[in-house]
Protein chains: 2
Amino acid sequence: MARIAAPGTRERILATAARLFYTEGVRAVGMAQVIDAAGCGKNLLYGHFPSKSDLVAAYLEQARSGRDADARRALGAAGDDPGAALVALTAEIAGRVRRRAFRGCAFRNYLTEFPADDDAPARIARRYLKDTRAQVDDLTARLGRADTCELADRIWLIIEGLYASTGAPNVSRAATVAVRFVEELVN
Amino acid sequence: MARIAAPGTRERILATAARLFYTEGVRAVGMAQVIDAAGCGKNLLYGHFPSKSDLVAAYLEQARSGRDADARRALGAAGDDPGAALVALTAEIAGRVRRRAFRGCAFRNYLTEFPADDDAPARIARRYLKDTRAQVDDLTARLGRADTCELADRIWLIIEGLYASTGAPNVSRAATVAVRFVEELVN
DNA sequence: GTCTATAAGGGGATAGAC
DNA sequence: GTCTATCCCCTTATAGAC
């Protein structure tokens, strides 16, 4: 009797790997550790993800999907107002930063761990940064200010600073300040 | 005939290691690679640095010394004006960011690579972040504003964002914008 | 005495085989 | 699941060159 493949196995393995990669770093976590934590056999993991690079790519793809969904939700609530959209985007990131499990931006962290690589995970990470930056540029342009370029650069500085505020003395306060900061810039 | 120990050997090894660690990441660079690049024997390196952790600690200590010296120089030119000092500090970082070899803040990069560690290198990195943040807090307090806390948080966001601007579309422009941004905040 | 070169120990990594 | 192959890691030890 052939056993039926358990549904959701791939997702369970990926969720475990994602938590470990994000918390401890991609390089620090070995495949054996993922297998142990997921409580699955080796073949099962390598069946779904033929190599560690594939698993890492899936981890980053999933992080991107989740982030995009949250961003869409935040943007939806902001309606057509580009200023409100920029504030909503910042607030969405601030919400992530306030979580206990926050340990920086998964994509920036990956690029810090593998600065020279140009494989699938690196391309996913770089594309994410490019796309979100473009999103900020777009929204800022729609504000119709004379100093569009300067303003976009400033908002981007705040967003990057917000993502980096892992070691800030008061992370939650930093998140609040960042949102208020962007609010003042767009109003 | 006893050969005299070559002077500057430690410094040469350390400079090689520092360049590699900073450019490619601490985890990605092995001791063998450092030995190869330094063109020395294995025993010589291990004589000066008994373990990789010692070498990494020396790398971060040296980075800190260099950074402190540059910061002192920048602060000296600013005189007693705390606003000018904050701008000078930002400009000093902006200068680093503009260099071709810039690949982020060595201390933040290390903490991203080893988030769970609490050894000598990690303590050096965390102490640096704590000290520079305290420096910003101090200077901001001396501005005598009513919103000292908020202002310090904002400047810190900009500084963190500036350090993170490795992948910005135009790094040099981002650096310029950051300095102008802080200028406006303190004036 | 000082350094290089080489070998080897002990561990852990990815990945494949059964 | 277990077992193995292969590789690279940090580190120590040994042997030889100047």
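Numbers restart at 1 for each chain; the letters A, B, ... are given by sequence-line order, proteins then strands.
In this structure, B:D81 has no side chain to side chain donor-acceptor pair (under 3.5 Å) partners at least two apart in sequence or on a different chain. Partners of A:D70 under the salt bridge (Lys or Arg N to Asp or Glu O under 4.0 Å) rule, at least two apart in sequence or in another chain, are A:R73, A:R96. Taking the side chain to side chain donor-acceptor pair (under 3.5 Å) definition, one finds that A:Y46 meets it with nothing, sequence neighbours left out.
Put simply, CG on A:L45 is 14 Å from C1' on C:dG16, counting in whole angstrom units. Rounded to whole Å, the distance from NE2 on B:H48 to P on D:dT11 is 16 Å. Atom-to-atom, CE of B:M31 to C1' of D:dC10 comes out at 7 Å; the value is rounded to the nearest Å. For the pair A:F49 CZ and C:dT14 C1', the interatomic distance rounds to 16 Å; values are reported in whole Å. Taking atom CD1 on B:I35 and atom P on D:dC8, their separation rounds to 16 Å, with Å as the unit. Rounded to a whole Å, the CG atom of B:L55 is 14 Å from the C1' atom of D:dT11. Between the C1' atom of D:dT11 and the CG atom of B:L44 lies a distance of 15 Å, rounded to the nearest Å.
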Table please: side-chain donor-acceptor pairs of residues 28-41 of chain A below 3.5 Å, with sequence neighbours left out.
{"unit_1": "A:Q33", "atom_1": "NE2", "unit_2": "A:E24", "atom_2": "OE1", "d": "3.1"}

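No engagement by A:G47 is indicated, since no non-hydrogen atom pair under 4.0 Å with the nucleic acid exists.
Between the side chain of A:T148 and the backbone N or O of A:G144 there is no donor-acceptor pair closer than 3.5 Å.
In the set C:dT4, D:dC10, C:dT14, C:dT14 carries the atom at the smallest distance from any side-chain atom of A:K52. Distance from the side chain of B:Y46 is smallest for D:dT12 among the nucleotides C:dT14, D:dT12, C:dC3. Listed nucleotides: C:dT14, C:dC3, D:dT11. Nearest to the side chain of B:T9: C:dC3.
Counting non-hydrogen atoms of neighbouring residues, nucleotides and ligands closer than 6.0 angstrom, the CG atom of B:D118 exceeds 12 such neighbours.
Classification of the B:F21-B:Y59 ring pair by plane angle, with boundaries at 30° and 60°, yields tilted.
For the pair A:R154 and B:E184, the salt-bridge criterion is met [side-chain N within less than 4.0 Å of a carboxylate O]. Ion pairing between a basic and an acidic side chain is recognised when a charged N comes within 4.0 Å of a carboxylate O; B:D68 and B:R64 show such pairing.
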If you restrict it to nitrogen or oxygen atoms, what contacts under 3.5 Å exist between nucleotides 6-8 of chain C and the protein, and what is each distance?
none

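Residues from residues 17-26 of chain A that place a heavy atom under 4.0 Å from any atom of DNA chain D: there are none.
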